[in-house]
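Okay, so here's the structure we're looking at.
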Amino acid sequence: MPAREPTSSDLTRRTFLRTGALTVGAVAASGIGVATAAPGGGKGGGGGKGGKGGGAMTNPLYLPPTLDPGAGLVTLTAAPGLVDLGPYDAASAWVYNGGMPGPTLEVSTGDTVQLRFQNDLPEGSITHWHGMVVDHDNDGHPNQEVEAGSHYDYAFPIVQRATMNWYHPHPHERTGKQVALGLAGAFIIRDAQEAALGLPAGVRELPLVIRDGDVDREGTAVIYKPKSSGYEGKKAFVNGTLEPYVEVDNALYRLRVLNGANGRIFRFAFADGRGMTLIGNDGGFLPAPETVTEIELSNGERLDLLVDLRDLDKDDTAMLVDRNSGWDLLEFRVVRSVNDTTLIPTSLPAPPAPLSDPVRTRTFSFDGMGKINGLEYAMERIDFEVPYGQTERWVLTTGGNAPHPVHIHGTYFQVVSRTGGRGQVFPWERGWKDTVLLQDGETVEILIRFDHGHKDLYLMHCHKLEHEDRGMMSNFLVV
Ligand code: C2O
Ligand code: CU
Ligand code: CU
């Protein structure tokens, strides 16, 4: 069946490898062509500079298994493990439930989820559900870090609409390392409005955790080379796969994209210039669909995209690339010709009403490599208090050393304006966001309100993880 359901058979192969039986025979028996030549001697490029989209990719894209923590307790165990990166089929990494990325969590609005974080790492950690509107106890704040060998239990209702969030470690000063070594996963919320749209689903909906990283010379370990200005790795990992391809039909596809990199900003495009129809971002569906040919996405931001491959024939390919680095990211390889009549929606479910009439303005300056308004993060210090239920205007500026992807826990916000620098609010920044990119010279204004039932301690921080770890993070209390 590989030709019919390419992604699930790829999944089977990789899951099998990850569960332990690392033999060439097992790979051959799966019937998938893979680069099994000399582990460690394989090619390691993440696409190479100046990729024009012609370079053939050699490794099937990994798709993590899906788990539903709304149907009963799910345990996420973080531990050292071995992963199959494609060219290197047994590289050590830090993984959730054996995978890099970890399992895709999938729940519905209205569910109550139960999750246990089991820390089998050699050091302390805690898991944060980025984008989930939860109380402090369920937020994975660094003051909830649990030591090696311990666990932390979460239970929270899903109160927000359909979107793709994600999860990752959040211990103070070690987030960058733990994410770079492999700890992250997608967390999808479904709802009835989404279902009514009839969007591409099953193997035609692909969660894509896109990041960069490094592998040691022998191909035996995912490694982290921190730099206070922000870590940038030499290779692109898409769902943990180097030089990935995915076998597809000539059909409409839905791509759920996360920039899961520590510090690298991607400018996504297709090598052939094909359009990508933006339908959603961090906070769910956009006010209206919009087709663009390039999207700049910073650390922690998400995209919900429709990409139409119906103009292609069997054996044609389309390459997703990063125009910032010149890397090829993911090759869509058409292996089957079909007649797909799925419609691209012309309207989307209305987002929650826009905020207006802020009662107060606060200004936050992101300075150097590790300060907000001149202060480095201190676990015990609360930097400001925000009255519950009041709309506020927050003005985000920087004294340099950008990019600073600014992320806020506990609610969503709207991007109202950007002055200086790129000077505009981009189509993928409409609707509701939890992370917004601040570049040098820019001032970004947002409207924000905490009205989800929790008067609690939350965080604002730079999502360039090395800046966050150096202290570009602030505690605030909703009162
Ligand atoms: Cu994705 Cu506080 O972070
Ligand atoms: Cu977050
Ligand atoms: Cu920063």
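Order of appearance sets the numbers: ligands from 1, and atoms from 1 within every ligand.
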Mind telling me whether [Y] and [X] have parallel, tilted or perpendicular rings, with 30° and 60° as the class edges?
X	Y	result
H404	H467	tilted
F156	F187	tilted
H409	H170	perpendicular
Y96	F117	perpendicular
H407	H461	perpendicular

> How about Y224 and W94: are their ring centres within less than 6.0 Å of each other?
Replying inline: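 Centroid distance Y224-W94: not below 6.0 Å, so no.
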> Should we say atom CD of Q424 is surrounded by more than 12 heavy atoms from elsewhere, each under 6.0 Å from it?
Replying inline: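 Yes.
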>> Closer than 2.8 Å to atom 2 (Cu) of ligand 1: how many protein N, O or S atoms are there?
In response: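 Step by step: take atom 2 (Cu) of ligand 1, keep protein N, O, S below 2.8 Å, and you get 3.
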>> Just to verify, what does Q390 make a side chain to side chain donor-acceptor pair (under 3.5 Å) with, not counting sequence neighbours?
In response: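 Once residues adjacent in sequence are excluded, the partners of Q390 under the side chain to side chain donor-acceptor pair (under 3.5 Å) criterion are R360.
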>> According to side chain to side chain donor-acceptor pair (under 3.5 Å), who are the partners of E145, at least two apart in sequence or on a separate chain?
In response: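 Side chain to side chain donor-acceptor pair (under 3.5 Å) check on E145 returns R174.
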> Among protein atoms, how many N/O/S atoms lie less than 2.8 Å from the Cu ion (ligand 2)?
Replying inline: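 The number of such protein atoms is 2.
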